[in-house]
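A short worksheet on the structure shown next.
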Amino acid sequence: MRTKKSTPYLYMLPGVFMVLFFVYIPVLMNIGYSFFRLSSYSASATFVGVDNYRRFFSDSVLPIMLRNNIAYCIISLIVQVGFGTVMALILESSAIAERMKGFFRNLYYIPALISLTAVGLMFTFIYEPNLGFINSLLKSLGMSTYGWLGDAKMAIYCIIAMSQWQFTGYITLLMVVAFQNVPQDYLEAAAIDGAGPIRRAISIMLPQAKEQLLVCTIITVIGAFKLYTEVYATTGGGPGNNSQVLGLFLYQQAFLHDDLGMAAVTGVFIFVITVTLSIIQIRVTRSGQQ
């Protein structure tokens, strides 16, 4: 009898060990490394206390990085989660013929399957000032061209636009799955009572899919603060540091400047932000509560 009770826990052990050794222990080790001056070329470690934190928070690039990551986060929540949810509602409505729903789901999801680096290189060509698609189109319309990625104020928003194109369809598909699990009895009863499509969406479909909506929101927020590849593949943080973000800064400190202590501090900062925002979202939405 005791063996039968312990059997489920035995099946859980491999997953527990994987999460422990590949998530929690590395996080704790990274926090410890943030108090040392480390180098990739030396086995020695010098304890510096909070000096790495002092250097990080006094760095003139930090406000720029926070501004860019927060802008990415807000725009992604509006476009990816907001607009993606609206598209999912439309896809699951009677306005789209059943035979076309599968086509549109695949069409929206395809960009998410493309490598981030490939998308970055593709949009670098699209934004190219001389031969790029956008400026070529503007020339054909008799309009003035623009140096998209070379503009200090515009570069980060060009990168953000690229990410919205790639990931909105992914969030849309996640919400489609959630809406498909809404009991049809609820929708039919609401329709009999005279509720229109918009009313059914607001009063039934969205509340029933709130857990999935929370997951999509958390995924988007975490993705916004660990943003790296898109910036690295397009501007490299430039021009100047105007499109610099936390993820790219961490990479540069570790592998270009050989300052592993500063990289560890950046990782701790990203971890604290994402965990804090995730907890706030769960508390505000009262996830798991009836």
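- The shortest distance between side-chain heavy atoms of Leu213 and Met175 falls below 4.5 Å.
- Closest approach of Ala155 and Gly238 over heavy atoms only: CB-O, 4.1 Å.
- Between the Asn69 side chain and the Leu246 main chain, a donor and an acceptor come within less than 3.5 Å of each other.
- Expressed to the nearest 0.5 Å, how far CG of Leu62 lies from CZ of Arg67 amounts to 11.5 Å.
- The structure places OH of Tyr109 at 10.5 Å from CD1 of Ile171, a figure rounded to the nearest 0.5 Å.
- One finds the CD atom of Glu128 at 10.5 Å from the OG1 atom of Thr145 (value rounded to the nearest 0.5 Å).
- A donor atom on one side chain and an acceptor atom on the other are not found under 3.5 Å apart for Thr124 and Thr234.
- Counting only distance, with no hydrogens or angles, the side chain of Asp193 and the backbone of Ala195 share no donor-acceptor pair below 3.5 Å.
- Between Tyr108 and Leu91 there is a side-chain heavy-atom pair separated by less than 4.5 Å.
- Separating the SG atom in Cys73 from the CG atom in Leu277 is a distance of 6.5 Å, to the nearest 0.5 Å.
- Environment of CZ in Phe167: crowded, with over 12 heavy atoms of neighbouring residues, nucleotides or ligands closer than 6.0 Å.
- Enclosure of atom CE in Met29 is not indicated, since only 12 or fewer non-hydrogen atoms of other residues, nucleotides or ligands lie within 6.0 angstrom.
- With contacts defined as side-chain heavy-atom distances shorter than 4.5 Å, the pair Ile222/Ser278 qualifies.
- Checked by atom type and distance alone, the side chain of Asn30 pairs as donor or acceptor with a backbone atom of Ala264 at under 3.5 Å.
- Cluster annotation: Ile273 is connected to Val275 through the hydrophobic network of ILVMFWY side chains, with a link wherever side-chain heavy atoms come within less than 4.5 Å.
- Within the 3.5 Å criterion, the main-chain N or O of Met262 finds a donor-acceptor partner in the side chain of Thr266.
- Within a 6.0 Å sphere centred on OH of Tyr9, other residues, nucleotides and ligands contribute 12 heavy atoms or fewer.
- Remark: Tyr53 pairs with Phe35 by the ring-ring contact (aromatic ring centres under 6.0 Å, His included) rule, at least two apart or across chains.
- Among all heavy-atom pairs drawn from Gly150 and Pro239, the shortest one is O-CG, 3.6 Å.
- Proximity of a side-chain donor or acceptor of Ser243 to a complementary backbone N or O of Gly237 within less than 3.5 Å is detected.
- Heavy-atom minimum distance, Val245 versus Met65: O-SD, 3.7 Å.
- With no hydrogens or angles considered, no side-chain donor-acceptor pair links Tyr146 and Asn135 at under 3.5 Å.
- Other residues, nucleotides and ligands contribute only 12 or fewer heavy atoms inside 6.0 Å of the OH atom of Tyr33.
- You'll find the side chain of Lys226 stays beyond 4.5 Å of the side chain of Thr274, heavy atoms only.
- Donor-acceptor pairing under 3.5 Å is lacking for the side chains of Asn52 and Ser34.
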Point to revise | Check against side-chain contact (heavy atoms from CB on, under 4.5 Å), Leu206 and Thr85 | key: CA-CA 9 Å; Leu206 287 176; Thr85 301; 3.7 Å; yes
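- Taking every heavy atom of both residues into account, Pro183 and Gln208 meet most closely at CD-OE1, 4.1 Å.
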Point to revise | Working for salt bridge (charged side-chain N to carboxylate O under 4.0 Å, His left out), residues Arg55 and Asp59 | key: CA-CA 6 Å; Arg55 290 193 297 128; Asp59 197 309; over 6 Å; no
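- Between Phe269 and Phe56, the gap from one ring centroid to the other is short of 6.0 Å.
- Taking CD1 of Ile159 as the reference point, atom CD1 of Ile156 lies at 4.5 Å (rounded to 0.5 Å).
- Nearest heavy atom pair, residue Gly236 against residue Gln252, reads O-NE2, 3.6 Å.
- Counted by atom type alone, Ser76 and Gln164 present one or more donor-acceptor pairs between their side chains at under 3.5 Å.
- Counted within 6.0 Å of CD1 on Ile198, heavy atoms from surrounding residues, nucleotides or ligands total 12 or fewer; the atom is thus considered open.
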Check your understanding: Are Ile126 and Trp148 close enough, and set up right, to give a side-chain contact (heavy atoms from CB on, under 4.5 Å), and what steps lead you there?
Key -> CA-CA 10 Å; Ile126 290 175; Trp148 300 97; over 6 Å; no
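- When all heavy atoms of Met154 and Asp151 are compared, the closest pair comes out as N-OD1, 2.8 Å.
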Point to revise | Residue pair Glu92, Arg105: steps toward the salt bridge (charged side-chain N to carboxylate O under 4.0 Å, His left out) verdict | key: CA-CA 10 Å; Glu92 287 305 299; Arg105 290 170 193 154; 2.9 Å; yes
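- Leu121 and Leu113 are assigned to two separate hydrophobic clusters, defined by single-linkage of ILVMFWY side chains at heavy-atom distances under 4.5 Å.
- In this structure the side chain of Ile75 reaches within 4.5 angstrom of the side chain of Tyr157, judged on heavy atoms.
- In this structure, the side chains of Phe36 and Thr46 stay at 4.5 Å or more apart for every pair of heavy atoms.
- Residues Ile110 and Phe103 do not share a hydrophobic cluster, defined by chaining ILVMFWY side chains whose heavy atoms lie under 4.5 Å apart.
- Within the 3.5 Å criterion, the main-chain N or O of Leu174 finds a donor-acceptor partner in the side chain of Gln212.
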Point to revise | Ile78/Phe83 under side-chain contact (heavy atoms from CB on, under 4.5 Å): CA gap, chis, key distance, verdict | key: CA-CA 7 Å; Ile78 294 171; Phe83 184 62; over 6 Å; no
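- Cluster membership check: Val50 does not share its hydrophobic cluster with Val48, using side-chain heavy-atom separations under 4.5 Å among Ile, Leu, Val, Met, Phe, Trp and Tyr.
- The side-chain heavy atoms of Asp259 and Leu38, taken from C-beta on, include no pair separated by under 4.5 Å.
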Point to revise | Pair Ser163-Tyr72, side chain to side chain donor-acceptor pair (under 3.5 Å): steps then yes or no | key: CA-CA 9 Å; Ser163 295; Tyr72 185 100; 3.2 Å; yes
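- When side chains are defined from C-beta on, Met162 does not count as touching Trp165, because their heavy atoms never get closer than 4.5 Å.
- Distance OG/Ser40 to CG/Leu260: 4.0 Å, rounded to 0.5 Å.
- Hydrophobic clustering of Ile, Leu, Val, Met, Phe, Trp and Tyr side chains at less than 4.5 Å, counting indirect connections, unites Leu13 with Val19.
- Distance alone, capped at 3.5 Å, is enough to place a donor-acceptor pair between the Gln166 side chain and the Ile114 backbone.
- Between the side chain of Tyr251 and the backbone N or O of Tyr228, no donor-acceptor pair lies under 3.5 Å.
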Exercise for review: Might you work through the side-chain contact (heavy atoms from CB on, under 4.5 Å) test for Val231 and Gln244, ending with a clear yes or no?
Suggested key: CA-CA 8 Å; Val231 181; Gln244 184 67 275; 5.5 Å; no
